[in-house]
Amino acid sequence: TPTVRNYELDRSLITPSAKIGVGQFGDVYVGTYTLPKLGKGKNLAGNGKNSNSDQRNADSRPDVIQVAIKTCKANDDPEKTENFLAEAYIMQKFDHPHIIRLIGICSVMPIWIVMELAKLGELRAYLKTNSERLSHGTLLKYCYQLSTALSYLESKKFVHRDIAARNVLVSSPTCVKLADFGLSRWVSDQSYYHSTPTVALPIKWMSPESINFRRFTTASDVWMFGVCIWEILMLGVKPFQGVKNSDVILKLENGERLPLPPNCPPRLYSLMSQCWAYEPLKRPNFKRIKETLHEILIEDSINSSE
Ligand code: ATP
């Protein structure tokens, strides 16, 4: 097991306040983290820029940053706490502008995982609340940003396994980030080929080979991303509403796919349809998806400025 020793935080510097969510392992709080005085260094929030409140002095970093604190109910069950911390071990490996950053952990009871805060919360709720004012271009931009994160994970040979709009958080109106690495695994980890997760599988997002054989690969992540794009363009509608989980695979095997969302550029629906190729090898990889989304984004901005 990789160590997160460098990530150990001084709990007295962390102040949880309001509860903002409920996770599989326990409640999630918003709070603050007072950065230890290390002299001038990198902003731990990781955006590489100084925060707005800090613009007068470009050299200094904020003393206090807003964070999300994940807590674990089963503090005294070593198996559960290890699973809880597994997400932190995974997150510490990543450094990407569209992946939620790990700030650190408190590994003694009560165990906390401290992460970069996504101020505007869950994407699905955000899409629903702001459906009237969200432009087409903004939705495309979210899809593109997520594709850059997924292309990065692909280059690291990392399989997420739970790509869905519910696992995307909103940092600002023009910036979304991938979160929730609870189900994710390294490709080299054989266990994910025949996993027995304790949580219900997200069948309606899963590829046929994941449903049938529990096979999870980058190509099955690509399928899930197609579903995630669909949810974004549908402004937070979940896929296959009213369909029983057990009927989803029958539909897929019959060649049925999620329908064209309103106002979806034909080129984007074509890309989504390629993500839903029955054969994993026929699906594009994330690098290609990223390039195609970039082209679609540019086409759209030209069309909408005409
Ligand atoms: P599940 O497996 O049910 O999705 P989980 O244990 O993985 O739960 P999360 O989904 O990560 O937990 O967190 C639960 C909720 O807490 C999120 O849906 C979101 O509302 C909030 N949350 C988690 N992390 C953050 C964050 N970094 N910034 C803002 N809100 C967050």
Side-chain angles (χ1 to χ4, degrees), residues 4 7-36 43-47 51-53 62-92 94 98-131 142 160 162-173 175-184 197-200 202 228 231-232 235-236 238:
V4 285
Y7 276 84
E8 193 69 40
L9 300 176
D10 175 353
R11 197 190 303 274
S12 68
L13 300 176
I14 305 161
T15 312
S17 48
K19 178 167 149 182
I20 50 167
V22 182
Q24 194 197 318
F25 292 94
D27 295 336
V28 181
Y29 295 84
V30 64
T32 58
Y33 175 55
T34 307
L35 298 171
N43 179 350
L44 276 173
N47 55 17
S51 71
N52 290 338
S53 60
D63 296 329
V64 179
I65 58 172
Q66 279 193 295
V67 293
I69 303 156
K70 276 189 157 188
T71 65
C72 185
K73 282 174 295 197
N75 262 303
D76 42 7
D77 178 342
E79 202 179 310
K80 292 228 172 74
T81 55
E82 195 176 312
N83 285 337
F84 175 66
L85 284 173
E87 186 174 10
Y89 297 143
I90 288 165
M91 288 175 83
Q92 69 167 333
F94 303 138
H98 296 290
I99 296 177
I100 290 286
R101 270 169 222 283
L102 176 71
I103 291 172
I105 61 169
C106 296
S107 64
V108 285
M109 291 201 312
I111 300 176
W112 289 348
I113 296 179
V114 181
M115 294 174 303
E116 163 191 4
L117 178 73
K119 284 205 180 69
L120 300 178
E122 294 175 16
L123 176 63
R124 287 191 59 243
Y126 183 82
L127 292 175
K128 283 173 191 264
T129 313
N130 298 286
S131 57
Y142 294 164
H160 187 285
D162 199 12
I163 299 161
R166 67 175 169 277
N167 289 330
V168 178
L169 297 175
V170 186
S171 290
S172 80
C175 180
V176 295
K177 302 199 181 199
L178 191 59
D180 205 334
F181 288 82
L183 284 182
S184 50
T198 48
V199 287
C228 181
E231 292 182 278
I232 292 173
L235 296 163
K238 287 191 198 166

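No hydrogens, no waters, no symmetry mates; every other heavy atom, side chains included, goes into these values.
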Original post:
Within the distance-only criterion (no hydrogens, no angle test), does the side chain of E122 pair as donor or acceptor with the backbone N or O of R166 below 3.5 angstrom?
Top reply: no

**OP:** Give a yes or no on whether the backbone of L178 and the side-chain of H98 come within a donor-acceptor separation of less than 3.5 Å.
**Re:** no

Original post:
Any donor and acceptor pair, going by atom type alone, linking the side chain of R11 with main-chain N or O of V108 inside 3.5 Å?
Top reply: yes

Original post:
Any sub-3.5 Å donor-acceptor pair from E231's side-chain atoms to A165's backbone N or O?
Top reply: yes

**OP:** Could you point out which residue of I65, L102, L13, I103 forms a side-chain contact (heavy atoms from CB on, under 4.5 Å) with V114?
**Re:** I103

**OP:** Evaluate side chain to side chain contact (heavy atoms under 4.5 Å, CB included) for C175 paired with K177, printing each intermediate quantity in order.
**Re:** CA-CA 7 Å; C175 180; K177 302 199 181 199; 3.8 Å; yes

Original post:
Between N83 and F25, is a side chain to side chain contact (heavy atoms under 4.5 Å, CB included) present by the stated rule, with each step listed?
Top reply: CA-CA 9 Å; N83 285 337; F25 292 94; 3.8 Å; yes

Subject >> K19 backbone acceptor or donor facing D27 side chain under 3.5 Å >> reply: no

**OP:** Take S172 and K119, measure what side chain to side chain contact (heavy atoms under 4.5 Å, CB included) needs, and give me the verdict at the end.
**Re:** CA-CA 7 Å; S172 80; K119 284 205 180 69; over 6 Å; no

Original post:
Which atom names give the shortest non-hydrogen contact between M91 and R101, and what distance separates them?
Top reply: CE-C, 4.2 Å

Subject >> Residue pair L127 / Y142, side-chain heavy-atom distance below 4.5 Å >> reply: yes

Original post:
Sub-3.5 Å donor-acceptor pair from the side chain of T15 to the main-chain atoms of G31, do we have one?
Top reply: no

Original post:
Taking atom CG of L9 and atom CD1 of I113, what is their separation to the nearest 0.5 Å?
Top reply: 11.0 Å

Original post:
Looking at CE of M115 and CD1 of I99, how far apart are the two atoms once the value is rounded to the nearest 0.5 Å?
Top reply: 13.5 Å

Subject >> Note, K238 side chain near R124 side chain (heavy atom, < 4.5 Å) >> reply: yes

Subject >> Distance-minimising heavy-atom pair for I100 and A118 >> reply: CD1-CB, 4.0 Å

**OP:** Find out whether C106 and I14 are in side-chain contact, i.e. whether some heavy atom of one side chain is under 4.5 Å from a heavy atom of the other.
**Re:** yes

**OP:** Start with the C-alpha distance between V67 and E116, add both sets of side-chain angles, then the distance that settles side chain to side chain contact (heavy atoms under 4.5 Å, CB included), and finish with yes or no.
**Re:** CA-CA 5 Å; V67 293; E116 163 191 4; over 6 Å; no

